[in-house]
Amino acid sequence: MEKIVILTGAGISAESGLGTFRDAGGLWEQHRIEDVASPEGFARDPALVQRFYNARRAAAAEATPNPAHIALARLQAEYPGSVTLITQNVDGLHEAAGSTGVLHMHGALSGALCPACGHRWEAPAEMAVAHPCPACGTKRARPDIVWFGEMPYHMDEILTQLEACSYFVAIGTSGQVYPAAGFVRQADAAGAHTLELNLEASAGRSAFAEARQGRASDLVPLWVA
Ligand SMILES: CC(C)NC(=O)[C@H](Cc1c[nH]c2ccccc12)NC(=O)[C@H](CCCC/N=C(/NCCC(=O)O)S[C@H]1O[C@H](COP(=O)(O)OP(=O)(O)OC[C@H]2O[C@@H](n3cnc4c(N)ncnc43)[C@H](O)[C@@H]2O)[C@@H](O)[C@H]1O)NC(=O)OCc1ccccc1
């Protein structure tokens, strides 16, 4: 039985109305993404960073999954235990489409984290600048998102699945951010067939055995079928 590992990026949610990083030219309100998605940025200007994630949380709440998300949920249901779904995205569209056990390696907009005591809880729609932690009362709570310079989540599980996979597919990702951009080489080293499904050739295109260009909502249902 194939052991399939799937990595998704912002491109799979583009047709659900959630802009990609590249669409914005890597900017938000004229701020470099690295400046609003980093611990340094949060220390420097927590109001700006909370506004950034409150806006994205509001947009994600309005968005609905598209045929690409739905096709992956169907694949998981058809082959229980054979599909590992890793996402760089912080929206909840994979789960909204019915996917389970999604590895959010960069966290999720639905989570809040206290940097003082490590407590995690469901994020409210709007987080305040000095947001109090319900466990320790410290007023420095942040979105439970992995920022630049921080260690991604679920790396042990991800590396285990990459070493055991026979088929690796990257969907809607530009292959510019590590360690996610290196997964294709780890899968290839494990002997897996590697496939890129993307609107344009990604920065890692040369590492893939196969690539199909187009919109995720067309390519993914065709690939799953
Ligand atoms: C900029 C880059 C050079 N910097 C990094 O990679 C850094 C530093 C670094 C580490 N190792 C390196 C090695 C070399 C160089 C640099 C580094 N990495 C880190 O800091 C990482 C942490 C990075 C995570 C940061 N947080 C994010 N997200 C959460 C926040 C938030 O969301 O706000 S990253 C964020 O940006 C990335 C954006 O990329 P994509 O999702 O691919 O989106 P993009 O817009 O770029 O592209 C969209 C693609 O879709 C396509 N598309 C568009 N529409 C469609 C469509 N309709 N259909 C199909 N495709 C479509 C487009 O053509 C395009 O190709 C995603 O990962 C996303 O999650 N942490 C770390 O390294 O910790 C230590 C460590 C690690 C491992 C082990 C030990 C220690």
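Just follow the structure's listing: the first ligand is 1, and inside any ligand the first atom is 1.
Between the side chain of Gln76 and the backbone N or O of Thr100, at least one donor-acceptor pair lies under 3.5 Å. Remark: the backbone N or O of Asn89 is paired with a side-chain donor or acceptor of His104 at under 3.5 angstrom. Distance alone, capped at 3.5 Å, is enough to place a donor-acceptor pair between the Asp91 side chain and the Leu93 backbone.
Within ligand 1, the atoms closer than 4.0 Å to a non-hydrogen atom of Pro152 are 76 (C), numbered from 1 in the order shown. Close contacts of ligand 1 with Gly214, meaning ligand atoms under 4.0 Å from a residue heavy atom, involve 58 (N), 59 (C). Ligand 1 places these atoms under 4.0 Å from at least one heavy atom of Ala14: 54 (N). Counting the atoms of ligand 1 from 1 in the order shown, those under 4.0 Å from a heavy atom of Thr173 are 40 (P), 42 (O), 49 (C), 50 (O), 65 (O). Close approach to Glu150 involves these atoms of ligand 1, each under 4.0 Å from a residue heavy atom: 21 (C), 22 (C), 70 (N), 71 (C), 73 (O). Interface atoms of ligand 1 facing Glu15, defined by a heavy-atom separation under 4.0 Å, are 56 (C), 57 (N), 58 (N). When each atom of ligand 1 is checked for a heavy atom of Gly172 under 4.0 Å away, the hits are 48 (C), 49 (C), 50 (O), 60 (N). Residue contact check: Glu200 has heavy atoms under 4.0 Å from atoms 62 (C), 63 (O), 64 (C), 65 (O) of ligand 1.
A 4.5 Å side-chain heavy-atom check between Trp147 and Arg142 finds at least one atom pair inside the cut-off. Using a 4.5 Å cut-off on side-chain heavy atoms (C-beta onward), Arg56 and Pro143 make no contact. Side chains of Thr84 and Ile6 form no contact here, defined as non-hydrogen atoms less than 4.5 Å apart. With contacts defined as side-chain heavy-atom distances shorter than 4.5 Å, the pair Ile145/Tyr53 qualifies. Using a 4.5 Å heavy-atom cutoff, the side chains of Leu48 and Val36 are in contact.
Between the choices Arg205, Gln176, Met155, the shortest heavy-atom distance to atom 2 (C) of ligand 1 belongs to Gln176. Nearest to atom 26 (N) of ligand 1 by heavy-atom distance, out of Val146, Asn198, Val220, is Val146. Nearest-heavy-atom check against atom 39 (O) of ligand 1 across Ser174, Gly9, Ser38, Gly19 picks out Ser174.
Contacts of Arg56 with ligand 1, taken as heavy-atom pairs under 4.0 Å, involve the side chain alone. Contacts between Val177 and ligand 1, counted as non-hydrogen atom pairs separated by less than 4.0 Å, involve both the backbone and the side chain.
The residues Arg215 and Glu15 are annotated as salt-bridged, a charged nitrogen and a carboxylate oxygen being separated by less than 4.0 angstrom.
The closest approach between a heavy atom of Gly107 and any atom of ligand 1 is not below 4.0 Å. At a 4.0 Å cut-off, not a single heavy atom of Ala180 sits close enough to ligand 1 to count as contact. Not a single heavy atom of Ser202 lies less than 4.0 angstrom from ligand 1.
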*asked:* Go through it in stages, so that I can follow the logic: the residues are Arg185 and Asp188, the test is salt bridge (Lys or Arg N to Asp or Glu O under 4.0 Å), and I'd like the CA-CA distance, side-chain angles, deciding distance and then a yes or no.
replied: CA-CA 5 Å; Arg185 289 182 183 75; Asp188 180 67; over 6 Å; no
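For ligand 1, none of its N or O atoms has an N or O atom of Leu197 under 3.5 Å away. For the pair Pro179 and ligand 1, the shortest N or O to N or O distance does not fall below 3.5 Å.
For the pairing with Asn54, the side chain to side chain donor-acceptor pair (under 3.5 Å) check across Arg51, Arg57, Gln50 returns one residue only, Arg57.
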